S.K.: 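Handing you this structure, nothing more for now.
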Number of protein chains: 2
Amino acid sequence: MTGHSTTGHYHHGDLRNALLQAAGKLLREQGIVGFSLRDVARAAGVSHAAPYRHFRDKAALLRALSGLGFEHLHAALTEAAASRRGPEQILIEVTRVYVHTVMQNPGMTRLMFGTVISAEGDAGNAPAASSILEVFLGIIKAGFAVGAFRDRDPRELALVAWSTMHGLAMLAVGEVVDAKYKDMKELDALARTVAENVIYGISRS
Amino acid sequence: MTGHSTTGHYHHGDLRNALLQAAGKLLREQGIVGFSLRDVARAAGVSHAAPYRHFRDKAALLRALSGLGFEHLHAALTEAAASRRGPEQILIEVTRVYVHTVMQNPGMTRLMFGTVISAEGDAGNAPAASSILEVFLGIIKAGFAVGAFRDRDPRELALVAWSTMHGLAMLAVGEVVDAKYKDMKELDALARTVAENVIYGISRS
DNA sequence: GGGGAGATGTTTATGGTGTAAACATAGCTT
DNA sequence: AAGCTATGTTTACACCATAAACATCTCCCC
């Protein structure tokens, strides 16, 4: 026990979470560009200096927020990977989920992968990122187990898979691909194509 | 003739370019995070309001800068693609150049692909981006010509190739891959692996 | 070649931001 | 009940983006 209340409430309740929640909403609705700590405080109904009791600075809040984003993505991927189907089908499904999740919250995506936050002592994104890689590693190893994939360093194959779907997702979220792919249906089909390509690439024989 | 001097000089010389140059340097050295228009003006030795005579606002300057970045990347890729070797070798080389170019200037990369700049009337990144896609399209079509690649919509295959190397580059620049890959040699090898995977994936048979 | 006129740069002003410090208070602990 | 600490507020400061008013340079036209 650290000596706090048992209910989890104090002055405000728990501001820390309220701030993260508010920040998440602002990020989703207005993007990362004009994102201001003072807006967050306003949205949470506290003074503009209150956040400093819970986060060392703006970057710390963003880092925490980014962590939540990684958790969300990790959960989505894990769920998609938890299927009894073969590794190929799983890879396709995971790719689609990856793209969907990323597109659903572009601001969060840019926060997570834009290195807007410089680690600075705090380990930064590294652990969260490696937990994502772990998911792909699991899929690859499962593929090995049934002899589906080429005999390579599994970490390498996992990175190949991740790179591929990540690239597609980033191009899509960066509004850099054809306007055609703004349509989610089209993008979904492209995701499938990309995934199939990965599979061809890493498959045995 | 618009009625300006013939030498291209005016008060300062040509501030517009000086500003872009200074901005580029700041971006390279200090990243996009604390990037300020006033710093740019200072670095160019003019008052903090001077840039507004050449760019509508900060975003406009960043857009122009990003355009230069796209030109640079495009030139590097074009050069790498201009080889007499087969499409497979070219694809490998282009991937390595892509990753190198991106890693050489992370700030620029984030500017180009981070959508820090919201198009806003100006067409934004779209044309520049499509000129990049054009390079891949050329490679793919050359591959078709010698019967190297699977019979697919070439645009689709080009997007697959781009996605893949872009993803690797973004993960690398986001400091999200293993620390091991901070070593350029290792990263280079990974780039080759990823490229080979693309090739396997899109190759005929 | 002299006089606008427009392009370029500066000064000044305004409202916003991140952050630090001094202050106030709520609620636990003894 | 007293006091300590966590939490929140006020005030203050330096910086930023942007706009408006002002100054000046250069070119074009008569």
Side-chain angles (χ1 to χ4, degrees), chain A residues 1-23 26-27 30-66 107 111 116-118 120-122, chain B residues 1-23 26-27 30-66 107 111 116-118 120-122:
Chain A
M1 303 306 152
T2 58
H4 285 183
S5 82
T6 45
T7 63
H9 285 257
Y10 215 72
H11 287 166
H12 164 282
D14 74 322
L15 225 203
R16 198 190 138 90
N17 279 348
L19 288 170
L20 285 175
Q21 191 109 1
L26 285 174
L27 188 62
Q30 322 213 10
I32 188 71
V33 181
F35 187 95
S36 106
L37 202 48
R38 285 167 108 109
D39 272 347
V40 174
R42 261 188 290 275
V46 295
S47 82
H48 67 264
Y52 286 88
R53 298 294 160 183
H54 299 273
F55 302 96
R56 192 151 51 83
D57 55 13
K58 184 183 177 181
L61 183 146
L62 287 177
R63 236 175 293 136
L65 197 55
S66 160
L111 175 63
V116 175
I117 359 175
S118 50
E120 194 64 42
D122 196 334
Chain B
M1 303 307 151
T2 58
H4 285 184
S5 82
T6 44
T7 65
H9 285 256
Y10 215 74
H11 287 168
H12 164 282
D14 77 316
L15 227 203
R16 198 192 138 90
N17 279 347
L19 287 170
L20 285 174
Q21 191 110 0
L26 285 175
L27 188 62
Q30 321 212 10
I32 187 72
V33 180
F35 188 95
S36 104
L37 203 48
R38 286 166 107 110
D39 271 346
V40 174
R42 261 188 291 274
V46 295
S47 81
H48 67 264
Y52 286 88
R53 298 294 160 184
H54 300 273
F55 302 96
R56 192 151 48 84
D57 54 14
K58 184 182 176 182
L61 183 147
L62 288 177
R63 234 175 295 137
L65 196 56
S66 159
L111 175 62
V116 175
I117 359 174
S118 49
E120 194 63 43
D122 195 334

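Here is how names work: the chains are called A, B, and so on, in the same order as the sequence lines, proteins then strands, and each is numbered from 1. These values consider heavy atoms only, across backbone and side chains, with no hydrogens, waters or symmetry-generated copies. As the structure is a computational prediction, the values presented were derived from the model and not from experiment.
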S.K.: Tell me if the side-chain of B/R53 makes a donor-acceptor pair with the base of C/dA7, cut-off 3.5 Å, by modelled atom types.
M.R.: no
S.K.: Roughly how many Å is it from CG in B/L19 to P in C/dT10, rounded to a whole number?
M.R.: 10 Å
S.K.: Of B/D57 and A/G45, whose closest DNA chain D nucleotide lies nearer the 5' terminus?
M.R.: A/G45
S.K.: Check the distance between C/dG16's P and A/D39's CG and give it to me in whole angstrom.
M.R.: 10 Å
S.K.: From D/dC16, D/dA19, C/dT17, pick the nucleotide closest to the side chain of B/A49?
M.R.: D/dA19
S.K.: Reckon A/H48 touches a base, only the sugar-phosphate, or nothing at all at heavy-atom distances under 4.0 Å?
M.R.: base
S.K.: Looking at every heavy atom in both B/S47 and B/A41, which two are closest together, and how far apart are they?
M.R.: O-CB, 3.5 Å
S.K.: Does A/R38 contact C/dG18 through a side-chain donor or acceptor facing the base, at a distance under 3.5 Å?
M.R.: yes
S.K.: Can you check the B/N17 CG to C/dT8 P distance for me, whole Å?
M.R.: 13 Å
S.K.: Report yes if some heavy atom in the side chain of A/F55 is under 4.5 Å from a heavy atom in the side chain of A/L62; otherwise report no.
M.R.: no
S.K.: Under 4.0 Å between any heavy atoms, over every strand shown, what does A/S47 touch: base, sugar-phosphate, or nothing? Just pick one.
M.R.: base
S.K.: Starting the side chain at C-beta, find the nucleotide from C/dT10, C/dG18, D/dA17 nearest to B/V46.
M.R.: C/dT10
S.K.: List the atom of B/L15, the atom of B/A44, and the distance in Å for their closest heavy-atom pair.
M.R.: CD2-CB, 4.3 Å
S.K.: Round to a whole Å and report the spacing from OH of B/Y52 to P of C/dT12.
M.R.: 18 Å
S.K.: OP1 or OP2 of C/dG9 versus the side-chain N and O atoms of B/H54: is any pair under 4.0 Å?
M.R.: yes
S.K.: Could you give the CG-to-C1' distance, from B/L61 to D/dT18, as a whole number of Å?
M.R.: 14 Å
S.K.: Starting at atom CG of B/L15, determine the distance to atom P of D/dC25, rounded to an integer number of angstrom.
M.R.: 15 Å
S.K.: A side-chain contact here means heavy atoms from C-beta on lying under 4.5 Å apart; do A/R16 and A/L19 qualify?
M.R.: no
S.K.: Choose from D/dT7, D/dT9, D/dT18 the nucleotide whose nearest atom is closest to any side-chain atom of A/A50.
M.R.: D/dT9
S.K.: Does any part of the side chain of B/F35, heavy atoms only, come nearer than 4.5 Å to the side chain of B/V40, both counted from C-beta?
M.R.: yes
S.K.: Can you tell me the distance, in whole Å, between the NZ atom of A/K58 and the P atom of C/dG18?
M.R.: 4 Å
S.K.: B/R42 has an atom CZ; how far is it from atom P of C/dT11, in whole Å?
M.R.: 14 Å
